[in-house]
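One structure is given here, and the rest of the page talks about it.
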Amino acid sequence: MIDAVIFDMDGTLIDSEPMWQAAEKLVFGSLGVDVRDELAARTASMTTIQAAEFWYQHAPWEGPSTSQVADQVVLRVAELIVLQGEALAGVHHALSLLRAKKLKIGLATNAPMTLIPVVFDKLDIGHYFTTYCSSDNEMAGKPSPDVYLTAAKEMGVLPERCLAVEDSVTGMKAAQAANMRTLVVPQKSQFNNVKFDKADMKLESLLALTESHLALNE
């Protein structure tokens with residue numbers, strides 16, 4: 001059996017992508033940016049500062065810096081999580097199973113560090129986690145493996161003995177680059193995306209997670 005499971009956060013534990021979209025439209029829209037859906041889809045896997053820089057390059061504004069605007073987006077997302085946040089299907093089942101098997105549980109996300117306790121508190125899941133890490137503290141966000149490698153190091157577990165749980169191709173690539181096994185739980189609209197065929201395992205929801213998915217192929 002693997003030694004640890006490391007979860008992504010946005011789209012894996014909580015359906016926060018619509019909240020990020022709403023926050024971007026509100027904040028960037030107030031600066032005169034036309035936040036079109038086809039462009040917003042490209043920022044979903046970016047860090048917050050990367051997204052701010054993306055929109056500034058698309059439609060430069062005067063006044064606040066990209067860092068200040070990114071902070072405004074994060075603040076709005078935090079407010080929406082408190083108001084609307086819900087655990088995705090199977091999250092509590094999966095975490096309970098892993099605890100019963102005495103596995104270490106970590107978090108590795110591109111989201112800002114400040115949002116992690118907000119999500120943990122809202123979903124009442126913080127007590128399950130041994131460690132949590134954000135790409136805020138890394139040289140590069142996913143698809144770079146940095147945040148996954150940091151999480152494994154903090155838990156004292158070899159990367160090759162970790163299972164990463166992701167919902168995006170970007171996150172899957174980050175985990176694979178860290179030499180971890182990958183389990184993807186894509187959004188329904190993306191479930192048949194052939195890019196996910198490169199994952200070790202794929203589930204429709206975490207409700208389907210069983211002990212068999214925790215086996216380590218030497």
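All residue numbers in this chain count up from 1 along the given sequence. Quick caveat: nothing in here was measured; it's all calculated off a predicted structure.
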[X]-[Y] co-clustered via ILVMFWY side chain contacts under 4.5 Å:
{"X": "Ile105", "Y": "Leu163", "result": "yes"}
{"X": "Met201", "Y": "Ile6", "result": "no"}
{"X": "Leu26", "Y": "Val77", "result": "no"}
{"X": "Trp20", "Y": "Leu107", "result": "yes"}
{"X": "Val5", "Y": "Leu13", "result": "yes"}

Under 3.5 Å, side chain of [X] to main-chain N/O of [Y], donor-acceptor pair present?
{"X": "Ser16", "Y": "Met19", "answer": "no"}
{"X": "Asp10", "Y": "Glu17", "answer": "no"}
{"X": "Ser30", "Y": "Val27", "answer": "yes"}
{"X": "Lys195", "Y": "Val169", "answer": "no"}
{"X": "His213", "Y": "Lys202", "answer": "no"}
{"X": "Lys142", "Y": "Gly171", "answer": "no"}
{"X": "Thr131", "Y": "Ala151", "answer": "no"}
{"X": "Asp15", "Y": "Leu88", "answer": "no"}

Any side-chain heavy-atom pair of [X] and [Y] under 4.5 Å:
{"X": "Asn179", "Y": "Cys162", "result": "no"}
{"X": "Ser96", "Y": "Tyr128", "result": "yes"}
{"X": "Val74", "Y": "Thr114", "result": "yes"}
{"X": "Val165", "Y": "Asp8", "result": "no"}
{"X": "Glu154", "Y": "Cys133", "result": "yes"}

From [X] [atom1] over to [Y] [atom2], what is the distance, rounded to the nearest 0.5 angstrom?
{"X": "Leu216", "Y": "Ile2", "atom1": "CG", "atom2": "CD1", "value": "7.5 Å"}
{"X": "Asp136", "Y": "Met113", "atom1": "CG", "atom2": "CE", "value": "7.0 Å"}
{"X": "Thr130", "Y": "Met155", "atom1": "OG1", "atom2": "CE", "value": "6.5 Å"}
{"X": "Ser67", "Y": "Gln72", "atom1": "OG", "atom2": "CD", "value": "10.5 Å"}
{"X": "Asp197", "Y": "Met172", "atom1": "CG", "atom2": "CE", "value": "9.0 Å"}
{"X": "Glu86", "Y": "Leu123", "atom1": "CD", "atom2": "CG", "value": "9.0 Å"}

Salt bridge (charged side-chain N to carboxylate O under 4.0 Å, His left out) filter on Asp37, not counting sequence neighbours, yields Lys25

Applying salt bridge (charged side-chain N to carboxylate O under 4.0 Å, His left out) to Glu62 and not counting sequence neighbours gives none

Exercise for the section: Would you please test Phe7 and Leu206 for side chain to side chain contact (heavy atoms under 4.5 Å, CB included) and show each step? Expected result: CA-CA 11 Å; Phe7 288 86; Leu206 286 173; 4.1 Å; yes

Per side-chain contact (heavy atoms from CB on, under 4.5 Å), Asp3 is matched among Val157, Leu103, Leu158, Leu214 by Val157

List the steps and the verdict of side chain to side chain contact (heavy atoms under 4.5 Å, CB included) for Val69 and Leu31. CA-CA 9 Å; Val69 174; Leu31 296 169; 3.6 Å; yes

What heavy-atom pair brings [X] and [Y] nearest, and what distance separates the two atoms?
{"X": "Ser134", "Y": "Val147", "result": "C-CG2, 3.8 Å"}
{"X": "Ala87", "Y": "His92", "result": "CB-CE1, 3.8 Å"}
{"X": "Val33", "Y": "Ala59", "result": "CG2-O, 3.8 Å"}
{"X": "Pro159", "Y": "Met180", "result": "O-CG, 3.2 Å"}
{"X": "Ala164", "Y": "Ala175", "result": "CB-CB, 3.4 Å"}
{"X": "Asn110", "Y": "Gly141", "result": "OD1-CA, 3.4 Å"}

(request) In sequence, state the C-alpha distance, the side-chain angles, and the governing distance for Leu183 and Leu203, and then conclude on side chain to side chain contact (heavy atoms under 4.5 Å, CB included). (result) CA-CA 7 Å; Leu183 187 157; Leu203 298 176; 3.9 Å; yes

Residues 49-58 side chain polar contacts: donor-acceptor under 3.5 Å, at least two apart:
{"from": "Gln50", "atom 1": "OE1", "to": "Thr47", "atom 2": "N", "distance (Å)": "2.9"}
{"from": "Gln50", "atom 1": "OE1", "to": "Thr47", "atom 2": "OG1", "distance (Å)": "3.2"}
{"from": "Trp55", "atom 1": "NE1", "to": "Glu24", "atom 2": "OE1", "distance (Å)": "3.1"}

Taking the basic N atoms (NZ, or NE/NH1/NH2) and the acidic carboxylate oxygens, is any pair closer than 4.0 Å for Glu204 and Lys188? no

Neighbour count above 12 (heavy atom, 6.0 Å) for [X] [atom1]:
{"X": "Arg99", "atom1": "CZ", "value": "yes"}
{"X": "Glu79", "atom1": "CD", "value": "yes"}
{"X": "Glu160", "atom1": "CD", "value": "yes"}
{"X": "Glu211", "atom1": "CD", "value": "no"}

For Phe120 together with Tyr132, are the ring centres under 6.0 Å from each other? yes

Checklist entry - What's the verdict on side chain to side chain contact (heavy atoms under 4.5 Å, CB included) for Trp61 and Thr66, showing C-alpha distance, side-chain angles and the deciding distance? => result CA-CA 9 Å; Trp61 59 78; Thr66 53; 4.0 Å; yes

Between [X] and [Y], do the side chains contain an N or O donor and an N or O acceptor separated by less than 3.5 Å?
{"X": "Ser168", "Y": "Thr170", "result": "no"}
{"X": "Thr150", "Y": "Glu138", "result": "yes"}
{"X": "Asp71", "Y": "Gln68", "result": "no"}

* **side chain to side chain donor-acceptor pair (under 3.5 Å) between Glu166 and Tyr148, worked out** => CA-CA 11 Å; Glu166 277 283 354; Tyr148 272 114; 2.6 Å; yes

